[in-house]
Amino acid sequence: MDAPRAHIVHVVHRLDTGGMENGLVNLVNRLPAQRFRHTIVSLTGVGAIARRIANTEVEVIKLERRPGPLACELPRLWRLFRSLRPSLVHTRNVGTLEAQIAATLAAVPVRIHGEHGWEVHDVVGSDPSLLRTRRRLRRFVHAQVALSRPTFEFLRDRVGVPADRLVSICNGVDTERFRPRDATHEPPRDFVALGAPAWPSDAIVVGYVGRLAEVKNPLLLVRAFSQAAAGLRARAPALAERLRLAMVGHGPLAEALRDHLAQARLHPVTWLAGDRQDIPVLMRSFDLYALPSLAEGINNTLLEAMASGLPMVATRVGGNGELVIDGQCGTLVESEDLAGMADALAAYVRDPALRARHGAQARRHAVGQFGLDAMIDAYERLYTRLLVQRGVMPQGWGGAAAHAQAPLPHFPVG
């Protein structure tokens, strides 16, 4: 007889462009299909990232739920779980956590929750209402996944998740899909072909990929870029002429950014590219990468920039310090430090050897520590361990005895 397959239902707020969603797509594409099948439940909508799901067995269910507390949707979720009969429900981020009540009432045998990042109103768990929700619902969940050390410590110390239910799994990056540009064998950059303005092929491009939302603080990057450019015009005008800024993504701050760029007369040297699906190609068109966030878990685009061989300027928040080795593969600045970010950008613009050295080290660090296979293996071990432990699958299921007996993964973070 064929070995049984575990049915995993993944619950997200919205299946759209984002680091957490990117990790989910990688997971459903790469977990062994002979042992796992997947359904993704999006509480709201589905965006273009769904087209990256290569596993044709994956079903995507869009609930388009009404605004308001998720608790109002619990009967609907209960009926859905009863219909799907999953072996395991995996919710992600606090906006989906109440779905674990419906999973419990539907007798789903294994329940996992992951904390991937923060919103601006809940930086490092600062919202007291959401903290109460996390504390109240922790008993419904068999394991909680933290992507960064600050998140792990928050769940342990403030939410009160028992140590034996806490797991550290860092994001992984596809280091073949994201790779450095080979200037020797690849043609000069053609920005017009990418949809950008007619920039010269020798432009020095500062890149950003992510949501244009408050928690990502993109306005800080625009202001720091402007300040760096002004300083360079006074000291190295030829370099200032080559400096450009590319911001890829969409979000509620897009119009405010456009207005600011117009007022600062930065339109000729900036490109708001919107939401794109060719991120690996765009990364290879950048010369350095900037991440100005107010809060982070483990940022996927930072990993992608590292794998692409880019030096980085990032704020010292959340898991950024676990990815960027300050002074070796990038520069960390304090949150909202405008002068610090401007100075760091200018230092990389002035020194191509520094860009090359830090970019090469970033690539080595990504390949050595944050490969996608390590993340997939960690989730496979976690799922297998709990499915066997709770009697859903037999010992040695699918030839995975080692997975079932191994302790829950506590990947080194920091």
Side-chain angles (χ1 to χ4, degrees), residues 189 191 194-251 253-274 276 279 282-283 285-294 296 299 301-302 305 308 310-317 320 324 330-352 354-355 358-359 362:
R189 294 176 298 181
F191 291 104
L194 290 172
W199 292 345
S201 61
D202 68 344
I204 303 171
V205 181
V206 179
Y208 165 84
V209 178
R211 286 182 296 146
L212 302 181
E214 286 186 55
V215 72
K216 300 298 183 180
N217 206 9
L219 186 56
L220 174 68
L221 173 56
V222 171
R223 293 167 59 210
F225 173 85
S226 178
Q227 188 166 307
L232 287 166
R233 279 193 292 272
R235 301 176 184 177
L239 287 177
E241 285 297 313
R242 295 166 57 196
L243 187 57
R244 301 292 189 272
L245 174 64
M247 303 186 76
V248 181
H250 64 87
L253 293 185
E255 282 304 316
L257 284 169
R258 288 191 187 93
D259 291 345
H260 183 87
L261 292 172
Q263 291 170 11
R265 298 181 179 178
L266 290 173
H267 268 147
V269 294
T270 58
W271 176 34
L272 294 184
R276 300 279 294 240
I279 302 302
L282 291 172
M283 284 284 188
S285 75
F286 300 159
D287 295 282
L288 62 147
Y289 189 79
L291 184 67
S293 308
L294 295 171
E296 283 292 349
N299 184 275
T301 61
L302 204 55
S308 301
L310 298 177
M312 291 155 290
V313 178
T315 47
R316 196 188 303 270
V317 298
N320 290 354
V324 179
T331 302
L332 293 171
V333 301
E334 298 307 315
S335 178
E336 303 223 66
D337 182 357
L338 173 60
M341 179 160 281
D343 289 346
L345 294 175
Y348 283 120
V349 173
R350 288 193 303 266
D351 193 342
L354 180 66
R355 293 201 303 271
H358 282 191

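Computed over heavy atoms, backbone and side chain alike; hydrogens, waters and symmetry mates excluded.
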Subject >> Tyr208 OH to Leu221 CG distance, which is reported to the nearest 0.5 Å >> reply: 8.5 Å

Original post:
With sequence neighbours excluded, what pairs up with Tyr348 under the ring-ring contact (aromatic ring centres under 6.0 Å, His included) test?
Top reply: His358

Subject >> Val248: partners by side-chain contact (heavy atoms from CB on, under 4.5 Å), with sequence neighbours left out >> reply: Val209, Ala273, Arg276, Ile279, Leu282, Phe286

Original post:
With Trp271, which residues qualify under ring-ring contact (aromatic ring centres under 6.0 Å, His included), at least two apart?
Top reply: none

When the side chains of residues 333-347 are checked against the rest of the protein, which donor-acceptor pairs come out under 3.5 Å, sequence neighbours left out?
residue	atom	partner	partner atom	Å
Glu334	OE2	Arg316	NE	3.0
Asp337	OD1	Ala339	N	3.4
Asp337	OD1	Gly340	N	2.8

Original post:
Nearest heavy-atom pair of Trp199 and Leu245: which atoms, and what distance?
Top reply: CH2-O, 3.5 Å

Subject >> Closest non-hydrogen atom pair between Pro268 and Arg244, with its separation >> reply: O-NE, 4.4 Å

**OP:** Take Arg189 and Asp287, measure what salt bridge (Lys or Arg N to Asp or Glu O under 4.0 Å) needs, and give me the verdict at the end.
**Re:** CA-CA 11 Å; Arg189 294 176 298 181; Asp287 295 282; 2.9 Å; yes

Original post:
Could you go step by step and tell me if Leu261 and Leu272 meet the side chain to side chain contact (heavy atoms under 4.5 Å, CB included) rule?
Top reply: CA-CA 10 Å; Leu261 292 172; Leu272 294 184; 3.9 Å; yes

Original post:
Looking at Val222, Leu219, Leu220, Val313, which one forms a side chain to side chain contact (heavy atoms under 4.5 Å, CB included) with Pro292?
Top reply: Leu220

**OP:** Indicate the atoms forming the closest heavy-atom contact of Ser293 with Thr315, along with that distance.
**Re:** O-OG1, 2.7 Å

Subject >> Ala213 to Leu253 - nearest heavy-atom pair and separation >> reply: C-CD1, 3.6 Å

Original post:
Would you call Leu239 and Arg350 a side-chain contact if the rule is heavy atoms closer than 4.5 Å?
Top reply: yes

**OP:** Using the side chain to side chain contact (heavy atoms under 4.5 Å, CB included) rule, take Arg355 and Leu288 through it: C-alpha gap first, then chi angles, then the decisive distance, then the call.
**Re:** CA-CA 7 Å; Arg355 293 201 303 271; Leu288 62 147; 4.2 Å; yes

**OP:** Find out whether Leu257 and Leu212 are in side-chain contact, i.e. whether some heavy atom of one side chain is under 4.5 Å from a heavy atom of the other.
**Re:** yes

Original post:
Got Leu310 and Met283 here, is their nearest side-chain heavy-atom distance under 4.5 Å?
Top reply: yes

Original post:
Can you tell if the side chain of Leu243 reaches within under 4.5 Å of the side chain of Val206, non-hydrogen atoms only?
Top reply: yes

Original post:
What's the shortest heavy-atom distance between Phe191 and Ser201, and which atoms?
Top reply: CE1-CA, 4.3 Å

Original post:
How would you list all residue pairs meeting side-chain hydrogen bond (donor to acceptor under 3.5 Å, both in side chains) that involve residues 216-233, not counting sequence neighbours?
Top reply: Lys216-Glu296

Subject >> Results of side-chain contact (heavy atoms from CB on, under 4.5 Å) for Glu255 - residues two or more places apart only >> reply: Arg258

